[in-house]
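Structure, as structure tokens:
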Amino acid sequence: MIADGVAAHALTDISFTLREGEVLGVVGESGCGKTTLMLSLLRLLPSSGRITSGEVLFMGRDLLSLSEAEMAEVRWKNIAMIFQGAMNALNPVHTIGRQIGEAIIRHNYVQDKKLVDNRVAELLEMVGINPDRRRQYPHQYSGGMRQRAMIAMALACNPQIVIADEPTTALDVMIQAQILELLATLQEKLGLAVLFVTHDLGVVAEMCDSVLVMYGGVTAEYADVDTIFNAPQHPYTQELLRAFPDLSRPTGKLVSIPGYPPRLTALPPGCRFAPRCPHVMERCHQERPPLHTPSPTHLASCHLLET
Ligand code: SF4
């Protein structure tokens, strides 16, 4: 990726598996590469971005080796995305119904006008919007309804995987809770596999089966949700959890992690968390830690895990 006029590696050493019907939480501070990862999976990086190596295996095919036409078939039909900020993602000059209908037609889910209209109504009903409102424009919807419409659009072609990139950003707390509940209900009802990008560890604890913790564009830790919350091995995961309120210890002190994540153009030569790590050692400043496997389903990149 080109950042500040120079080439920089936005993502390295990212590895995870998303199983059928599984919800994988992707967490980390702003700028750690979460959205870049999601756009890479769909091959929707901006023109300054390149995928130079790796594999994205989906149903036996490497998505990175598909032609653009083949990849366009996969997007929306197999893997759909709910983008951040519904107001920016929706076209203000077209009705909600037309926008959802276009997604259905473009991806050949159904073509007949009547069937498209029925499917739009069905989708709106599924997300709790009166189908009569399909003739209205985005500005006639509240923030929560716009986000519901975005979810309806993502489900338009019955995908197996939905990528939800901070789907409740910019919504007030009550509406956030409603949208999360809707997502959880639909995920279970439709058996969706979901990649859930969020800052909110409470949401992760509630909704996710496994968690990928990212830091500075690399995997800090990847494990099932119980392991991440009860036996985290990476100091960054441990610090993130200490910065999060614990309802079992309401008087416990919250801590913040001093400093900021590294800029892509000024990555430390060793461990990317070294400048902020409470356990930093001399070698952390020189050597990048490899991904260790504390158990077969657990990955963490820290020198402390060397046996
Ligand atoms: Fe901290 Fe070193 Fe582990 Fe990095 S490798 S997380 S700096 S102890």
Side-chain angles (χ1 to χ4, degrees), residues 1 3-4 6-17 24-38 40 52-54 195-205 208 210-246 249 252-307:
M1 180 162 280
D4 298 343
V6 291
H9 278 107
L11 297 174
T12 319
D13 292 346
I14 302 286
S15 179
F16 64 87
T17 303
L24 170 67
V26 181
V27 300
E29 290 159 282
S30 297
C32 69
K34 303 187 295 294
T35 297
T36 305
L37 172 61
M38 299 306 134
S40 305
T52 54
S53 63
L195 275 172
F196 198 93
V197 179
T198 181
H199 286 104
D200 190 334
L201 291 177
V203 171
V204 171
C208 298
S210 50
V211 188
L212 173 69
V213 182
M214 292 179 64
Y215 187 82
V218 299
T219 299
E221 190 158 8
Y222 167 58
D224 63 80
V225 72
D226 283 344
T227 305
I228 290 291
F229 279 86
N230 298 317
Q233 298 294 306
H234 195 286
Y236 179 58
T237 314
Q238 292 162 359
E239 292 302 298
L240 271 185
L241 289 169
R242 276 173 11 104
F244 183 70
D246 181 351
R249 291 186 307 113
K253 205 171 157 208
L254 285 183
V255 295
S256 63
I257 310 174
Y260 298 96
R263 279 186 296 121
L264 286 181
T265 48
L267 292 169
C271 173
R272 294 183 182 179
F273 189 50
R276 305 169 76 193
C277 180
H279 306 290
V280 64
M281 306 170 284
E282 193 46 45
R283 66 182 292 206
C284 303
H285 292 295
Q286 283 108 40
E287 292 171 42
R288 259 214 11 235
L291 274 172
H292 293 283
T293 48
S295 80
T297 55
H298 187 177
L299 298 174
S301 59
C302 175
H303 290 309
L304 292 171
L305 294 171
E306 234 157 67
T307 48

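Start at 1 and go down the list; that is how both ligands and their atoms are numbered. This is a predicted model, so every value here is computed, not measured.
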Could you measure the distance from the NE2 atom of H292 to the CD atom of E306? Nearest 0.5 Å is fine. 4.5 Å
In Å, rounded to the nearest 0.5 Å, how long is the span from SG of C271 to CZ of R283? 11.0 Å
Please list, in chain and residue-number order, the protein N/O/S atoms closer than 2.8 Å to atom 4 (Fe) of ligand 1. C271 SG
Residues at least two apart in sequence or cross-chain that pass side-chain hydrogen bond (donor to acceptor under 3.5 Å, both in side chains) with Q233, listed by chain then number, are none
Go through the structure and list residues passing side-chain hydrogen bond (donor to acceptor under 3.5 Å, both in side chains) with R276, not counting sequence neighbours.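 R276 satisfies side-chain hydrogen bond (donor to acceptor under 3.5 Å, both in side chains) with E29, Y215 only.
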With sequence neighbours excluded, residues passing salt bridge (charged side-chain N to carboxylate O under 4.0 Å, His left out) with D226: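 For D226, no residue satisfies salt bridge (charged side-chain N to carboxylate O under 4.0 Å, His left out) once neighbours in sequence are set aside.
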More than 12 heavy atoms of other residues, nucleotides or ligands under 6.0 Å from OH of Y260: is that the case?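 No, because the 6.0 Å sphere around OH of Y260 holds 12 heavy atoms or fewer from other groups.
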